[in-house]
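All figures in this text were calculated on a predicted structure; none of them were measured in a lab. We count ligands from 1, going down the list as the structure has it; atoms in each ligand are counted the same way.
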Amino acid sequence: MTYIQDFEKIITEQLARVERMKEGEAFADFEHMDKIVIGVIDGDGIGPVIVREAQRVLEVLLKEEIVSGKIELRQIQGLTIENRIAQNATVPAEVLAEIKACSVLLKGPTTTPGKGDNLPNIESANVTLRRELDLFANVRPVFIPEKNIDWVFYRENTEGEYALGSRGIEISPDIAIDFKVTTTGGTQRIAKAAFEYARANGGKNVSIVTKANIMKKTDGKFLDLCYQVAKDYPEIKVDDWYVDIMAANLVNEQIRSNFNVFILPNLYGDIITDEAAQIQGGVGTAGSANVGGKYAMFEAIHGSAPRMVADGIADYANPSSILKAAEMMLRHIGQAQKADKLSDALQAAQAEKSMTGDSSGETAAAFADCVLARL
Ligand code: NAD
């Protein structure tokens, strides 16, 4: 197949995706579900260490619902780098079927082979899951009350540079081209989610972050559409920034407290939220929600930390990230009181335990014990 045929195939697939989006979302109704199944996925590297602790905490918090059969914590095996390589699949079909039988997911980080890893070029499991489950909103809160910081990032999760991340074309040995995709439906739904959150939380400011001065077609469209959606929320103050200056703004103590809600295309959202998490105390402190209509997946914002495993310090990984994700999950399934309880216990444990990420600090298990003691 020539690269022109490759390109045609990509365009046809993307146009079909646009048509599918027009059919709209089927939203999960947790209040009326007979049983909520929480799929628990260990992941790779430090994943099993932190997920084990989150499971322990959830088993205590949801004891009554688990006993009554209203909620099930269901372990899902097989989303490991070893199995994915063995099956040469980003998400093996039987694992995907099990995932789709759950109502929500709590997922540990999964390894994606990179250049130089000497592993098959398998696509990121996360990118596949976000696409397969249409988890279009990646919501990442960063909260530092003592610095007057209360940020929530709405990162578009299915498009941008990630939609076709593994489908770039090596035209010749001298030139490679990747693709970036922005659609009307894809942008409107993330913008709407961010503005709805801003409205529901007391009219917080919304900042749109792009590089529309350079990526004129894709980011230009994203910016225009966000402003169009903003017209339905006249009470909300909106501004827009280029991603480079926003990276600087977040470390500018004079102005950073003015920001509340951010809307970002996929790649900028990925990068800027790691910066924000670092300001909060490191990626090990930050959780995220990947939300679609029917499905939602909750996880730490960080990766599988292979160097911690290689250095023999995986047990010292900070489980705050996945516990924060568990808190967001509880809120999503309508267990707000339990989420508040977990949030308070988590904050108390963070004040008490020093999580340095190595043997000079506490282990994940000791941290979770502290959370459990404060529930
Ligand atoms: P990483 O997030 O795994 O690690 C970055 C740094 O943060 C490292 O120094 C690590 O030790 C530290 N760190 C991460 N989590 C921590 C925790 N809970 N407690 C203490 N310290 C922690 O980033 P990376 O090294 O770029 O990626 C490793 C692998 O993870 C790659 O294969 C990547 O593709 C994958 N990844 C997966 C996800 C996901 O599944 N959501 C997200 C990002 C990266």
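Here salt bridge (charged side-chain N to carboxylate O under 4.0 Å, His left out) pairs that include residues 177-195, with residues two or more places apart or in two chains, are E25-R189, D134-R189, E161-K180, K180-D219. Within the structure, salt bridge (charged side-chain N to carboxylate O under 4.0 Å, His left out) pairs that include any residue of residues 238-255 comprise K211-D244, E253-R256 (at least two apart or interchain).
For the residue pair T184/K221, the side-chain donor-acceptor check at 3.5 Å is satisfied. In summary, the side chains of N318 and S320 do present a donor paired with an acceptor at a separation below 3.5 Å, with no hydrogens or angles considered. Between E156 and T158, the side chains place a donor N or O and an acceptor N or O closer than 3.5 Å (distance only, hydrogens not considered).
Y316 meets the ring pair (Phe, Tyr, Trp, His ring centres under 6.0 Å) test with no other residue; sequence neighbours excluded.
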Is there any protein N/O under 3.5 Å from an N/O of ligand 1, and what does the full list of such pairs look like?
residue, atom, partner, partner atom, Å
ligand 1, 2 (O), G303, N, 2.7
ligand 1, 3 (O), G303, N, 3.4
ligand 1, 3 (O), G303, O, 3.4
ligand 1, 3 (O), S304, N, 3.3
ligand 1, 3 (O), A305, N, 2.8
ligand 1, 15 (N), H302, ND1, 3.1
ligand 1, 18 (N), H302, NE2, 3.1
ligand 1, 18 (N), N318, N, 3.4
ligand 1, 18 (N), N318, O, 3.0
ligand 1, 19 (N), N318, N, 2.9
ligand 1, 30 (O), S304, N, 3.0
ligand 1, 30 (O), S304, OG, 3.3
ligand 1, 32 (O), T112, N, 2.9
ligand 1, 32 (O), T112, O, 3.3
ligand 1, 40 (O), K107, NZ, 3.2
ligand 1, 40 (O), T110, N, 2.9
ligand 1, 40 (O), T110, OG1, 3.3
ligand 1, 41 (N), N126, ND2, 2.9
ligand 1, 41 (N), E299, OE1, 3.2

